[in-house]
Amino acid sequence: MTLLVLEGVRKHFAGVHAVDGVTLNVACGEFTALIGPNGAGKTTLLSTIAGQLRADAGRIAFEGRAIDGAAPARLARLGIGRTFQTAHVFASMTVLENLQLALAVRGGAQFDVVAPLWRRDARPARALLERVGLGAAERAAAAHLGYGDVKRLEFALALAGAPRLLLMDEPTAGMAPGERRALMDLVRDVARESGLTVLFTEHSMDVVFGYARRVIVMARGVVIADGAPAAVRADDAAQAAYFGEEA
């Protein structure tokens with residue numbers, strides 16, 4: 001079943017064609033890497049899907065519903081989650097409070113955040129923290145977490161919105177190899193258990209070819225290769241645009 005459809009999506013900045021007519025479909029349950037050299041348009045494309053940017057042209061549909069121009073909050077309610085290159089967490093709150101707030105917003109309490117979080121049922125938040133391996137850190141301030149744990153917390157915050165599609169922008173950037181594998185193992189396992197569809201950008205080829213089941217390559221704002229990892233890696237255009245840089 002097709003979950004996400006993009007048809008001729010374009011986004012330009014002062015004459016720069018950051019995304020230049022991208023057309024692609026993403027099926028339910030796919031675990032897909034979106035790769036390409038710096039400036040290829042990957043982050044711009046994710047931001048256009050997630051509503052942080054508005055496409056200049058083209059069509060975007062999620063579960064058969066047009067979402068062009070929809071605000072990020074509405075897209076989150078529809079089931080599209082997002083993580084960022086630099087993790088977005090509430091540094092002054094504890095780990096548990098971060099999750100309690102995210103779950104409160106999901107439940108429609110965004111206009112009632114003045115109510116003390118400690119009055120809310122903490123069990124759903126604790127369950128999510130246990131799932132991402134942060135159960136023992138619930139009382140710690142998010143500002144005091146190590147970088148790998150901040151990334152886990154951001155992933156938990158995204159899961160609090162119950163997404164069906166999760167867009168992850170360089171989830172392992174800045175992490176050591178062991179941390180990269182641990183985080184991606186977690187994301188893969190959660191996706192398999194819940195049927196979550198994941199579209200992620202990444203520069204680490206060990207992550208791309210160790211986890212993705214489909215690879216999309218962008219260069220200069222357009223898709224130049226799309227398919228199974230082995231086929232994409234052998235593709236001449238992809239080799240010239242990206243993999244040649246890695247050699």
Side-chain angles (χ1 to χ4, degrees), residues 2-50 52-61 80 82-86 151 165-181 183-185 187-188 191 197-247:
T2 300
L3 185 69
L4 177 72
V5 176
L6 279 69
E7 295 179 351
V9 174
R10 299 179 185 274
K11 183 63 184 178
H12 300 168
F13 299 99
V16 176
H17 295 191
V19 175
D20 197 14
V22 169
T23 295
L24 60 86
N25 295 345
V26 177
C28 292
E30 282 192 354
F31 205 94
T32 301
L34 177 64
I35 68 172
N38 290 330
K42 306 180 299 295
T43 295
T44 299
L45 185 62
L46 290 194
S47 295
T48 302
I49 297 168
Q52 283 85 27
L53 295 173
R54 183 166 188 165
D56 296 322
R59 173 178 176 265
I60 305 174
I80 299 177
R82 173 86 191 269
T83 68
F84 297 84
Q85 292 180 30
T86 301
K151 286 287 193 175
L165 170 65
L166 181 59
L167 309 171
M168 305 186 78
D169 198 359
E170 296 193 34
T172 70
M175 301 176 78
E179 288 182 319
R180 290 202 299 264
R181 289 191 295 271
L183 178 64
M184 294 308 293
D185 283 347
V187 175
R188 178 196 60 200
T197 302
V198 177
L199 176 62
F200 68 99
T201 71
E202 187 56 64
H203 280 292
S204 298
M205 291 298 97
D206 60 327
V207 171
V208 171
F209 291 101
Y211 293 91
R213 294 298 170 262
R214 175 187 176 192
V215 178
I216 301 169
V217 185
M218 288 185 68
R220 300 174 300 280
V222 301
V223 173
I224 61 171
D226 181 356
V232 168
R233 193 164 203 168
D235 183 89
D236 289 341
Q239 285 280 354
Y242 191 45
F243 301 121
E245 292 186 354
E246 303 291 311

Met218 and Val22: side chain to side chain contact (heavy atoms under 4.5 Å, CB included), yes or no, with the steps? CA-CA 9 Å; Met218 288 185 68; Val22 169; 4.0 Å; yes
Approximate separation, where rounding is to 0.5 Å, of [X] [atom1] and [Y] [atom2]:
| X | Y | atom1 | atom2 | value |
| --- | --- | --- | --- | --- |
| Leu166 | Phe200 | CG | CZ | 11.0 Å |
| Leu4 | Ile60 | CG | CD1 | 7.5 Å |
| Glu170 | His203 | CD | NE2 | 4.0 Å |
| Met168 | Glu202 | CE | CD | 9.5 Å |
| Ser204 | Met184 | OG | CE | 10.0 Å |
| Leu3 | Asn25 | CG | CG | 10.5 Å |

Arg59 vs Leu6, test: side chain to side chain contact (heavy atoms under 4.5 Å, CB included). Steps then yes/no. CA-CA 6 Å; Arg59 173 178 176 265; Leu6 279 69; over 6 Å; no
Close side-chain approach of [X] to [Y], heavy-atom, < 4.5 Å:
| X | Y | answer |
| --- | --- | --- |
| Thr32 | Ile216 | yes |
| Glu30 | Val198 | no |
| Lys151 | Met175 | yes |
| Arg180 | Tyr211 | no |
| Thr43 | Gln85 | yes |
| Leu199 | Ile49 | yes |
| Leu46 | Thr201 | yes |
| Val217 | Asp226 | no |

Check whether [X] reaches the backbone of [Y] with its side chain - one donor and one acceptor, N or O, closer than 3.5 Å.
| X | Y | answer |
| --- | --- | --- |
| Lys42 | Pro37 | yes |
| Thr23 | Glu7 | no |
| Lys11 | Leu53 | no |

Under the criterion side chain to side chain donor-acceptor pair (under 3.5 Å), I'd like the reasoning laid out for Gln52 against Arg82: C-alpha separation, chi angles, the key distance, then a yes or no. CA-CA 10 Å; Gln52 283 85 27; Arg82 173 86 191 269; 2.7 Å; yes
Please find the pair of heavy atoms, one from Ala55 and one from Thr48, that lie closest to each other, and give the distance. CB-CG2, 3.6 Å
Least distance between heavy atoms, Leu183 atom then Pro171 atom: CD2-O, 3.4 Å
Arg10 and Asp20: salt bridge (charged side-chain N to carboxylate O under 4.0 Å, His left out), yes or no, with the steps? CA-CA 5 Å; Arg10 299 179 185 274; Asp20 197 14; 2.4 Å; yes
Pick out which of Asp235, Leu34, Val208 makes a side-chain contact (heavy atoms from CB on, under 4.5 Å) with Val215. Val208
Answer yes or no for Arg188 and Phe31: cation-pi contact, defined as NZ/CZ to six-membered ring centre under 6.0 Å and angle to ring axis within 45°. no
